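Chain A is the first sequence line, chain B the second, and so forth, proteins listed ahead of strands; every chain is numbered from 1. Side chains are part of it too, since the values below use all heavy atoms of this structure and drop only hydrogens, waters and symmetry mates. Computed from a predicted model, the values in this text were never measured in an experiment.
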Amino acid sequence: MAKYQEQQLRIYNSLSGKKEKFIPINEGHVGMYVCGPTVYSNVHLGNCRTFMSFDMIFRYLKHLDYKVRYVRNITDAGHLEDDADEGEDKIAKKARLEQIEPMEVVQRYTVDFHNILQKFNFLPPSIEPTATGHIIEQIEIIKEILENGYAYEINGSVYFDVVKFNETHEYGKLSGRKLEDMISNTRELTAQDEKRNPQDFALWKKAEPQHIMRWPSPWGDGFPGWHLECTAMSTKYLGETFDIHGGGMDLKFPHHECEIAQSEASHGNSPVKYWMHANMLTMNGKKMAKSTGNNILPDEIFSGENDILSKPFAPSVVRFFMMQAHYTSILDLSNEALLASEKGYHRLMDAIVLIDGLTSSKTSSIDLPAWKQKCYDAMNDDFNTPVLIAVLFEGVKFINQIKEDKAQVSETDLKILSDTMNQFVFDVLGLESTTQLNASSDKLGGVVALLIQLRNEARANKDFATSDKIRDELADMGIQLMDGKEGTTFSIT
RNA sequence: GGCAUCGUGGCCGAGUGGCUAGGCACAGCUCUGCAAAAGCUUGUACAGCGGUUCGAAUCCGCUCGAUGCCUCCA
C-alpha cells in the first residue's frame, strides 16, 4: 500500500486562500512546476530558501510514494530589467557590461546555481528546461493567443491584451487584484509606448539591431517575454492542467497572474490546481537587497567571509535553520538565530548517531507508533516542518532516555524510532550529518579513541591536569568528549 | 497611494475560539574529580484600542508597525 493512501495531505492553495485536501489529477502521480532562477548573477540566499522549500515538498511527495515529475526551469532569456517591458533583458545587460556572450553569462551562473544547490543537498528536479531551448513552443503559444484574439502585434512585438481578456476571464484572481483598480491607479500612457494599456504585457519583443539575443519569428527577429517560458514549458512537460505550481511570493504578481492568463487565452484551461508560494527571507529584520548592502551569498556563509555573521555555518545548519520556519512565513536571518539553530542541529544529529547503539527491551514505555504518526500529521498539514522538527526533538529525548535506561522500547518500536528519525531527518528534510565519524570506521575516530583511553587512564590516576588538557584541547579543535554511563563518546562540532 | 502577508515569552519560531509547541539562552536538581553532554523541574507570551462570545492570542473593526508586489517620486 502506498503511503499516500494512508496519509491525507493538505496544501494551502494561494488561489483559494485556503488549505485544501491534496488530490492529484492522476492518482499516484504528481506534476509540479517551480519557477527557477534567472541566471544573470550569483544565486542569492532568498532564492535558495524558495527552492529549498520546494525541494522539501518534492522529497515529502516522493516519501509518500507519489511518482513526481518535478520541473524547475532556468530562465536564460526574456527577463527584462523592469516590468514595464521597456527595460533591457537582464542577461543581455550583464553580457554587455562584462563584454561576454549572453550564453557565457548563462553558463557561469547556471554552474554557480547548481554548485550551491548541491552544497545544500538538493535533489535534482526531474526536468530542468531552459527558456532558450523552448523558443519554438513559445512562438506556437503566441500564435494561439493571437488567433483567439487576446493579443495584438505592433511593430514586430506582440502584446497580451489584458483588457480584452478580462472581459471574459478574471485577470487578477490569483493576486486578489481588480483590473479596474489597477487602471485607475495608473498614469497616462507615454506617447512612445506601443501597448494599448499599461497592464498589457509582452509576449514577444522586437530585437533592435544592436540586440545580440534574437530569434526569428513570424513577427520578425526578437525574443520572448518573460512570463511565456513558464507557460510553454509547464504545458509541454506537465500538460495543460497540472497539480502544483510553485514559486516565490514575489512572483505571484504579475508573473503567475500572467501565466494563468496565457494558458487560459491559448488552450482555454486554467493551468494549475494548487498554487503554492514560498515567503521571503529577510536579514536582521530588513529585506535582502544588493543595493542596501543587506545581502549575503551562500558561499559567504559557508566560508565565514562576511561582515554579518560571527563564524562560518555549514550548509546543513542553514538548511535546518530554514526548515525550522514554515515555508509560508517570512523568515529572518541573523547571527543569533543561526547560532541557536546550529546547537539544535547538533543535538539532533548527536542523538541519531546514538540510535544504532541502543538496546531493546521486552516492552515499551513510550508509544512510538503514535509518535510516528505525529511526524506525518505535521507534514500532512501543509508541510509544517517546524512542527515536524518539534516532534523529532521528542524522538531525540526518547533516544537519550533509552540510552540512560530511563525509558524502554521493544525491538519493533526501536526500529520504528530508528526508521522514522532517519527518514524524516535525511530523506524528507534533506539534512546531512556532519558527525559521522566513529571509532570503528575512521582513522580520526581511532586517534580520538586512543586519546580517550589515555585520558581515562590519567583520570584513574587522578592526574586531572593531563585529563583536562586532553579534553580541553580536543574541544578547541572542535571535538567534544562526552562522558556517559557506558563510557566516553565524542562528536565533531 | 493600492493589493497581499504578518506582528507571539530574553532571542528564533509553531499554533489559531477553551487543553504543554519546539529550539536557543537563563535558573534549580541528578550525574561527574571538576566540567561538558544527557535527564528531570521551573517560565502563565501572544502590538495597541474597541467589539462579538459563557470564553479570544485565535473571529470582526480601527490604529500603529514590519515585509513583499504594484504605483509614484528620485
Side-chain angles (χ1 to χ4, degrees), chain A residues 12 14 17 19 46 50 82-84 172 174-187 198-199 248-257 277-289 294 320-348 350-351 354 374 377-378 381-382 384-407 455-456 458-465 467-468 471-472 474-475 479-486 488-491 493:
Chain A
Y12 179 84
S14 302
K19 279 184 198 168
T50 296
D82 63 60
D83 287 321
L174 179 66
S175 54
R177 283 156 210 253
K178 292 209 177 341
L179 187 59
E180 307 84 74
D181 297 344
M182 289 162 60
I183 291 169
S184 64
N185 280 329
T186 313
R187 283 193 166 184
Q199 286 70 37
M249 198 77 92
D250 50 345
L251 298 182
K252 207 172 181 180
F253 187 90
H255 186 56
H256 292 157
E257 204 71 73
H277 290 97
N279 218 137
M280 303 290 104
L281 181 71
T282 59
M283 187 160 71
N284 295 322
K286 290 179 192 142
K287 74 166 177 177
M288 281 189 149
N294 198 41
F320 178 76
F321 164 73
M322 291 186 177
M323 290 292 127
Q324 274 187 303
H326 189 77
Y327 76 94
T328 57
S329 297
I330 294 170
L331 173 63
D332 187 54
L333 182 99
S334 65
N335 194 49
E336 291 71 27
L338 274 175
L339 285 169
S341 284
E342 185 177 49
K343 291 200 175 181
Y345 165 79
H346 282 301
R347 201 160 96 83
L348 179 64
D350 289 348
L354 296 174
K374 280 168 78 178
D377 290 345
D381 185 15
D382 196 27
N384 198 325
T385 53
V387 170
L388 171 67
I389 289 172
V391 178
L392 291 175
F393 272 105
E394 281 183 43
V396 169
K397 191 194 257 188
F398 295 155
I399 290 165
N400 287 317
Q401 284 177 334
I402 295 163
K403 177 170 174 270
E404 306 229 329
D405 279 333
K406 288 176 176 165
R455 171 168 169 266
N456 283 338
R459 290 171 73 200
N461 295 330
K462 300 214 187 296
D463 179 7
F464 297 122
S467 69
D468 288 355
R471 176 225 283 161
D472 295 341
L474 281 175
I479 297 172
Q480 186 177 57
L481 302 187
M482 294 170 293
D483 296 329
K485 283 195 167 67
E486 311 284 317
T488 303
T489 55
F490 66 95
S491 73
T493 56

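Between the side chain of A:Asp468 and the base of B:G33 there is at least one donor-acceptor pair of N/O atoms closer than 3.5 Å. A donor-acceptor contact under 3.5 Å is formed by the side chain of A:Asp483 with the base of B:A35.
When distances are taken from the side chain of A:Ser329 to each of B:A14, B:A25, B:G23, the shortest belongs to B:A14. Of the candidate nucleotides B:C69, B:G13, B:A37, B:G13 has the atom lying nearest to any side-chain atom of A:Ala325. For A:Ile330, whose side chain is taken as the heavy atoms from C-beta onward, the closest listed nucleotide among B:U67, B:G39, B:A37 is B:U67. Between B:A25, B:G23, B:C69, one nucleotide has an atom nearer to the side chain of A:Arg347 than all others, and that is B:G23. With B:C69, B:G39, B:C34 as the choices, the nucleotide that has an atom nearest any side-chain atom of A:Arg459 turns out to be B:C34. The side chain of A:Leu331 sits closest to B:G13 out of B:A36, B:G39, B:G13. Closest to the side chain of A:Gln324, from the set B:U67, B:A14, B:G23, is B:G23. When distances run from any side-chain atom of A:Arg177 to the nucleotides B:U32, B:C69, B:U67, the shortest one goes to B:C69. Nearest to the side-chain atoms of A:Lys252 among the listed nucleotides B:U67, B:A14, B:A4 stands B:A4. Nearest to the side chain of A:Arg471, among B:A37, B:C69, B:G33, sits B:G33.
A:Asp350 places its CG atom 8 Å from the P atom of B:A38, with the value rounded to the nearest Å. Following rounding to the nearest Å, A:Asn335 (CG) and B:A25 (P) show an atom-to-atom distance of 14 Å. In this structure, the NE2 atom of A:His256 is 22 Å from the P atom of B:C3, given to the nearest Å. Nucleotide B:C34 holds its P atom 17 Å from the CG atom of A:Asp463, rounded to whole Å. Following rounding to the nearest Å, A:Leu481 (CG) and B:U32 (P) show an atom-to-atom distance of 18 Å. We find that CE of A:Met322 is positioned 18 Å from C1' of B:A14, with the value rounded to whole Å. Put simply, CG on A:Asp382 is 14 Å from C1' on B:G15, counting in whole angstrom units. Put simply, CG on A:Asn400 is 12 Å from P on B:G23, counting in whole angstrom units.
At least one side-chain heavy atom of A:Phe320 sits less than 4.5 Å from a side-chain heavy atom of A:Leu348. Looking only at side-chain heavy atoms (C-beta outward), A:Asp381 and A:Val387 stay at 4.5 Å or farther from each other.
Between A:Glu257 and A:Arg177 no salt bridge is recorded (no basic side-chain N to carboxylate O distance below 4.0 Å). Ion pairing of A:Asp483 with A:Arg459 is present here, as a side-chain N (NZ or NE/NH1/NH2) and a carboxylate O approach within less than 4.0 Å. At a threshold of 4.0 Å, the pair A:Arg347-A:Asp350 does not count as salt-bridged, since none of the basic side-chain nitrogens sits closer than that to a carboxylate oxygen.
Side-chain N/O atoms of A:Gln199 include none lying less than 4.0 angstrom from OP1 or OP2 on B:C70. The shortest distance between the side-chain N/O atoms of A:Asn384 and the OP1/OP2 oxygens of B:G15 is below 4.0 Å. Contact annotation: A:Asn279 side-chain N/O to B:U5 OP1/OP2 distance is not under 4.0 Å. Within the 4.0 Å cut-off from OP1 or OP2 of B:C40, not a single side-chain nitrogen or oxygen of A:Lys406 is found. Between B:C34 and A:Arg455, no contact under 4.0 Å exists linking OP1 or OP2 to a side-chain N or O.
Rounded to the nearest Å, the gap between the C1' atom of B:C59 and that of B:G15 is 16 Å. A gap of 12 Å separates the C1' atoms of B:U52 and B:G17, to the nearest Å. Taking atom C1' on both B:C62 and B:C26, the two are 39 Å apart, rounded to the nearest angstrom. B:A27 and B:U42 have their C1' atoms separated by 8 Å, with the value rounded to a whole Å. The C1' atoms of B:G7 and B:U63 are separated by 14 Å, rounded to the nearest whole Å. Taking atom P in both B:U30 and B:A36, the straight-line distance is 14 Å, to the nearest Å. For the C1' atoms, the distance from B:A66 to B:A56 is 24 Å, rounded to whole Å. Distance noted for atom P between B:A45 and B:A21: 11 Å (whole Å).
Figure legend. B:A66 is base-paired to B:U5; pairs are counted as Watson-Crick or G-U wobble with both atom distances under 3.5 Å. Under the Watson-Crick or G-U wobble criterion, with both distances below 3.5 Å, B:A21 has no partner in any strand shown. Pair check for B:G50 finds B:C60; Watson-Crick or G-U wobble, both atom distances under 3.5 Å. The partner of B:C26 cannot be assigned: no Watson-Crick or G-U wobble pair with both contacts below 3.5 Å exists in any strand.
Between the A:Ser467 side chain and the A:Phe464 main chain, a donor and an acceptor come within less than 3.5 Å of each other.
Comparing A:Val387 and A:Phe464 against RNA chain B, the residue whose closest nucleotide sits nearer the 5' end is A:Val387. Residue order along RNA chain B, read from the 5' end via each residue's closest nucleotide, puts A:Tyr12 first among A:Lys374 and A:Tyr12.
Among the atoms of the strands shown, only primed sugar atoms or phosphate atoms (P, OP1, OP2) are found under 4.0 Å from some heavy atom of A:Lys397. Using a 4.0 Å heavy-atom criterion, one finds that A:Ser467 contacts the bases of the nucleic acid, with or without backbone contacts as well.
Between A:His256 and A:His277, the ring planes lie tilted relative to each other; the angle falls in the 30° to 60° range.
Scanning all heavy atoms of the two residues, the minimum distance from A:Leu388 to A:Ala378 falls at N-CB, 3.5 Å.
Distance CE/A:Met249 to CG/A:Asn279: 3.5 Å, rounded to 0.5 Å.
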